[in-house]
2 protein chains.
Amino acid sequence: MPKKSNNLAIDEPLDTSTGCMPTKLDALVGYALRRAQLKVFQHLVSNLNKFDLRPAQFTALAIIEQYPGLMQADLANILAIEPPQAVVLLNKLEARSLAVRVRCKPDRRSYGIFLSKAGENLLKELKEVARLSDEESTAALTAEERDQLVALLHKVYLPEA
Amino acid sequence: MPKKSNNLAIDEPLDTSTGCMPTKLDALVGYALRRAQLKVFQHLVSNLNKFDLRPAQFTALAIIEQYPGLMQADLANILAIEPPQAVVLLNKLEARSLAVRVRCKPDRRSYGIFLSKAGENLLKELKEVARLSDEESTAALTAEERDQLVALLHKVYLPEA
DNA sequence: TATTGTTATACTCTATAACTATA
DNA sequence: TATAGTTATAGAGTATAACAATA
């Protein structure tokens with residue numbers, strides 16, 4: 001019979017030191033998504049620390065490259081953040097001369113946002129860092145499984161499909 | 001030839017109103033994970049709002065059910081939060097009489113944490129809510145794809161495997 | 001001296017309302 | 001009046017240091 005070491009409902013003390021305990025919640029998509037996202041995200045955060053950048057700042061640079069001249073409101077929409085957050089984010093990028101706001105001629109309320117040459121160069125490097133960080137934090141997957149995972153995730157969050 | 005409507009690098013204004021813009025970043029696992037997680041998580045948040053509960057509180061209830069009598073430090077470890085966060089979380093659960101702290105006889109510094117009968121009953125309901133929320137927010141997936149996704153996510157964040 | 005839980009604190013992220021300047 | 005951007009502020013979530021009680 002099992003030994004009884006104390007008066008609690010569990011006889012064996014839990015060993016929660018291994019970093020990640022499997023629970024019954026793992027069957028939920030939302031729970032599994034959260035745990036996996038947290039791991040991959042934190043790995044990227046530590047890789048971007050060397051550049052004194054946050055993931056959202058890297059994302060913003062990539063979006064500005066893809067849509068040069070876009071307005072702040074569009075950047076906020078694509079990043080899924082509120083306009084006030086876009087302001088502080090852009091302030092930091094502009095203070096580091098990675099991006100610039102250019103007053104729009106036809107509508108002088110808005111700006112066109114562009115990457116600086118320095119921003120372009122840094123982004124090129126960051127993309128490789130992100131790709132590598134991705135592979136490292138999902139090293140348990142084969143390349144094929146990684147593609148499968150990304151395809152399934154797209155089905156979840158991209159419209160139409 | 002394409003019409004030129006302004007002096008920006010893009011000729012056509014962006015339509016970012018559709019909720020989610022595809023970008024080149026979608027090829028990154030981390031980015032896709034984040035977007036999908038955000039969508040599924042926010043759906044759960046709005047479903048749990050009816051119960052005035054946050055996802056972490058639901059998770060805590062489920063973990064306490066699985067490991068009745070566990071210590072606060074273990075709960076913190078499994079939830080991947082810091083001990084001070086576990087304190088406020090448990091304070092709220094205890095204030096609503098969903099969980100209880102019981103002083104541990106052999107080591108009077110620690111508590112054993114248990115669900116109340118009300119906590120057990122509520123958790124039963126919450127599990128169904130979470131399962132349904134999961135299915136709704138991943139309605140673009142077949143049941144088989146959902147299982148595939150969960151299996152791939154486990155490979156990413158669970159040890160050994 | 002070390003450990004469990006706690007308090008206090010701070011820093012980030014997020015969300016909202018109110019303001020400005022243009023339209 | 002409506003819109004683009006901004007400011008101010010408040011609420012979560014998260015992390016650390018310092019403390020009390022117990023071992």
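Side chains are part of it too, since the values below use all heavy atoms of this structure and drop only hydrogens, waters and symmetry mates. In what follows, chains carry the letters A, B, and so on, assigned in the order in which the sequence lines appear, proteins first and then strands, with residues in each chain numbered from 1.
One finds no salt bridge joining B:E120 and B:K124 here, because no Lys/Arg side-chain nitrogen approaches an Asp/Glu carboxylate oxygen to under 4.0 Å. A salt bridge between B:K127 and B:E65 is present, with a side-chain N of the basic residue lying under 4.0 Å from a carboxylate O of the acidic one.
Hydrophobic clustering, with ILVMFWY side chains joined whenever heavy atoms are under 4.5 angstrom apart, groups B:L79 together with B:L123. Taken together through direct or relayed side-chain contacts under 4.5 Å among Ile, Leu, Val, Met, Phe, Trp and Tyr, B:F58 and B:L38 form parts of separate hydrophobic clusters. Residues B:V129 and A:L28 share a single hydrophobic cluster, defined by chaining ILVMFWY side chains whose heavy atoms lie under 4.5 Å apart.
For residues 88-98 of chain B, the pairs satisfying side-chain hydrogen bond (donor to acceptor under 3.5 Å, both in side chains) are B:N91-B:R101, B:E94-B:R101, with sequence neighbours left out. Residue pairs meeting the salt bridge (charged side-chain N to carboxylate O under 4.0 Å, His left out) criterion with at least one partner in residues 22-34 of chain B, sequence neighbours excluded, are absent.
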Listing time: all N or O pairs from protein to nucleotides 15-19 of chain D that are below 3.5 Å?
none

Below 3.5 Å between N/O atoms, which protein atoms pair up with nucleotides 18-23 of chain C? Just atom names and distances, please.
unit_1, atom_1, unit_2, atom_2, d
C:dA23, OP1, A:R108, N, 2.9

- Query: Does the side chain to side chain contact (heavy atoms under 4.5 Å, CB included) test come out yes or no for B:L98 and B:L115, once each step is laid out?
  - Reply: CA-CA 6 Å; B:L98 299 174; B:L115 291 189; 5.9 Å; no
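Of all non-hydrogen atoms in B:Q57 and B:L93, the two that sit nearest each other are CB-CD2, 4.2 Å. Taking all atoms of both residues into account, the shortest heavy-atom contact from A:A36 to B:V156 is CB-CG1, 4.1 Å.
The separation between A:L90 atom CG and D:dA4 atom P is 15 Å, rounded to whole Å. Protein atom CG of B:L79 is 13 Å distant from nucleotide atom C1' of D:dG13, rounded to whole Å.
B:L53 has its side chain within reach of B:L122: a pair of non-hydrogen atoms, C-beta onward, lies under 4.5 Å apart. With a 4.5 Å cut-off on side-chain heavy atoms, A:I113 and A:Y67 do not count as touching.
Residues from residues 53-60 of chain A with heavy atoms under 4.0 angstrom of DNA chain C, sorted by number: A:R54.
Each end of the helix from C:dT1-D:dA23 to C:dA23-D:dT1 yields a helix axis from five base pairs, and these two axes differ in direction by 20° (to the nearest 10 degrees).
Here the side chain of A:R34 is nearest to one of C:dT6, D:dT14, D:dG5, namely D:dT14. Across C:dT4, C:dT7, D:dT6, the shortest atom-to-atom separation from the side chain of B:V87 is found for C:dT7.
Taking for each of A:S110 and B:V88 the nucleotide of DNA chain D with the nearest heavy atom, the 5'-most of the two is the partner of A:S110.
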